[in-house]
Amino acid sequence: MRMYDIIVKKRDGGELTKEEIEFFVDGYTKGDIPDYQASALTMAIYFQGMTPEETATLTQAMVDSGETIDLSAIHGKKVDKHSTGGVGDKVTFIVGPLVASVGVPVAKMSGRGLGHTGGTLDKLESIKGLEIEMTKEKFIENVNTHKLAVAGQTGNLAPADKKLYALRDVTGTVDSLPLIAGSIMSKKLASGADSIVLDVKTGSGAFMKTLEDSENLAREMVNIGNNLGRNTVAVISDMNQPLGYEVGNANEIREAAEILQGKNVEDLRKLSLEIASHMAVLAEVFSSYEEAYSALEANIENGKAFQSLRTLIEAQGGDVSMIDDLDKLPQAKYDIEVKADKDGFVSEIDAESIGIAAMYLGAGRATKEDQINHGVGITLNKKIGDEVKAGEALVILHSDEEAAQASVDKVMEAYTISGERVEKPTLIHNIIK
């Protein structure tokens, strides 16, 4: 078998066999196939696409290129949740405790943030003492005992994906649906879950800006999961404005805790319950979505879900008093109001610009080496559809700098105020199974 023939076959629109895809992934991972040939194949895939069978085979080959995490020692059906990334997306901190509170084991492996999207682990580290690195044995023990653990990814998961992504990043082939879907799903499948719920964002603050692109990506990933024996559901959710009212690290933990204590931040609560309900059904704890939704809502009201959050923090060495008294969470030195310059209604908020403004404050990373400041962030006072008067605060910047002019300018750039009231955006656009 020659790599040259595989490239030409795909260039001309042919369907690659299982053996050809495995030959490529194995050879490229080992260094036997050079970057220039891998680049040629990814460009051919970019233009010609892949069938669902090819994409599933590519994903499985990437899974098989490294370690896989065996979670069979965890009792019950393990359901993972993955978000394609957004601004103010603290859903994991709500969904994890919620589904754990009804007996679903949640073995969550998460990453750090880069750019305008925040990282789950960075946010968790707002809580003093909380450990996100643990042995596999401890991780499994925590899930079996408490039904919930959140940790950094360990082991050499899908090394083929890491090599391919770095290559795609510099060859103009990142925006290929089969390659994006395979990249995301290879890491999820290697992480050992039985079923997966995907939160695919769409809009200005998302990787996929249009609903059509987001739905296409969701279908690709659901097809991969189902083809490879994992029940997979995708929720298409809106990211045309930040989710909830808080963007940052400690302030997002605060808002998540408040939701679990019964506060009704409408979009954040609704999306969290939506995702949690699908997870509970896939775990076979409930037979219907409606039954799951009702039970999960009840566990917010009766305090069981909040208790699950406390248990998670305590089990991982965190200072649980910071959740019992949210004022103990890290806080910035200054609160800076960014005020509207005219009367009207908020018609647009560019979520990505809000994320960048938070990054400028130190809540995110421009490079992998940057340090996170857990106390800084942004509180939105006004969202799409809200009326605003000139001089009213659109947002409050929580900053360790007195001026933070770059963030102020970015927020003003993010907000559009018009004379006519607009409808609030649809939160959940579609469910794909």
Side-chain contact test, heavy atoms from C-beta onward, threshold under 4.5 Å: evaluate it for [X] versus [Y] and give yes or no.
X: V233; Y: I432; answer: no
X: M185; Y: I196; answer: yes
X: V99; Y: V79; answer: no
X: L273; Y: V95; answer: no
X: F139; Y: L71; answer: yes
X: D199; Y: I236; answer: no

Strictly below 4.0 Å, N to O, side chains only: are [X] and [Y] in salt-bridge contact?
X: D122; Y: R365; value: yes
X: K209; Y: D213; value: no
X: E131; Y: K138; value: no
X: D194; Y: R230; value: no
X: K187; Y: D161; value: yes

Verify side chain to side chain donor-acceptor pair (under 3.5 Å) between Q316 and N142, making sure each step is shown before the conclusion.
CA-CA 9 Å; Q316 295 188 205; N142 279 11; 4.6 Å; no

Of all residues at least two apart in sequence or in a different chain, which pass the salt bridge (Lys or Arg N to Asp or Glu O under 4.0 Å) check with [X]?
X: K410; result: E413
X: D324; result: R310
X: E348; result: none

Worked verdict on D35 versus Y28 for side chain to side chain donor-acceptor pair (under 3.5 Å)
CA-CA 8 Å; D35 278 350; Y28 186 55; 2.7 Å; yes

Tell me whether [X] contacts the main-chain N or O of [Y] through its side chain, where contact means a donor paired with an acceptor under 3.5 Å.
X: S347; Y: T416; value: yes
X: K108; Y: K81; value: yes
X: S126; Y: A250; value: yes
X: K188; Y: H82; value: no
X: S399; Y: E401; value: yes
X: D343; Y: A390; value: yes
X: E220; Y: N216; value: no
X: R421; Y: G385; value: yes
X: S176; Y: T173; value: no
X: S186; Y: S183; value: yes

Indicate the atoms forming the closest heavy-atom contact of [X] with [Y], along with that distance.
X: M221; Y: A181; answer: CG-CB, 3.6 Å
X: A257; Y: L326; answer: CB-CD2, 3.9 Å
X: I140; Y: I74; answer: CG2-CG1, 3.8 Å
X: L121; Y: G152; answer: CD1-CA, 3.6 Å
X: P52; Y: N227; answer: O-ND2, 3.8 Å
X: L148; Y: A100; answer: CB-CB, 3.9 Å

What's the spacing between [X] [atom1] and [Y] [atom2] if we round to 0.5 Å?
X: I349; Y: M239; atom1: CD1; atom2: CE; value: 11.5 Å
X: I356; Y: D350; atom1: CD1; atom2: CG; value: 7.5 Å
X: I224; Y: T55; atom1: CD1; atom2: OG1; value: 5.5 Å
X: I300; Y: F306; atom1: CD1; atom2: CZ; value: 12.5 Å
X: F207; Y: I184; atom1: CZ; atom2: CD1; value: 7.5 Å
X: L296; Y: S101; atom1: CG; atom2: OG; value: 6.0 Å

We want to know whether [X] and [Y] form a side-chain donor-acceptor pair, criterion being a heavy-atom distance below 3.5 angstrom.
X: E290; Y: S294; value: no
X: N226; Y: N231; value: no
X: K201; Y: S237; value: yes
X: S308; Y: K147; value: no

What salt bridge (charged side-chain N to carboxylate O under 4.0 Å, His left out) pairs are there with at least one residue in residues 376-397, not counting sequence neighbours?
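Checked against salt bridge (charged side-chain N to carboxylate O under 4.0 Å, His left out) - neighbours excluded - the pairs reaching residues 376-397 are D267-K383, K382-E392, E387-K389.
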
Give a yes or no on this: more than 12 heavy atoms of other residues, nucleotides or ligands lie within 6.0 Å of atom [atom1] of [X].
X: K163; atom1: NZ; result: yes
X: E212; atom1: CD; result: no
X: Q405; atom1: CD; result: yes
X: E53; atom1: CD; result: yes

Residue set satisfying side-chain contact (heavy atoms from CB on, under 4.5 Å) with A358, at least two apart, ordered chain then number -> V247, A363, I378

TODO: Would you list the pairs meeting side chain to side chain donor-acceptor pair (under 3.5 Å) in which at least one residue belongs to residues 239-259, sequence neighbours left out?
DONE: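 Residue pairs passing side chain to side chain donor-acceptor pair (under 3.5 Å), neighbours aside: K90-E255, K123-E252, D238-N240, E246-N251, E246-T379, E258-K263.
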
Going by the angle between their ring planes, with limits at 30° and 60°, are Y289 and Y293 parallel, tilted or perpendicular?
->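 Tilted.
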
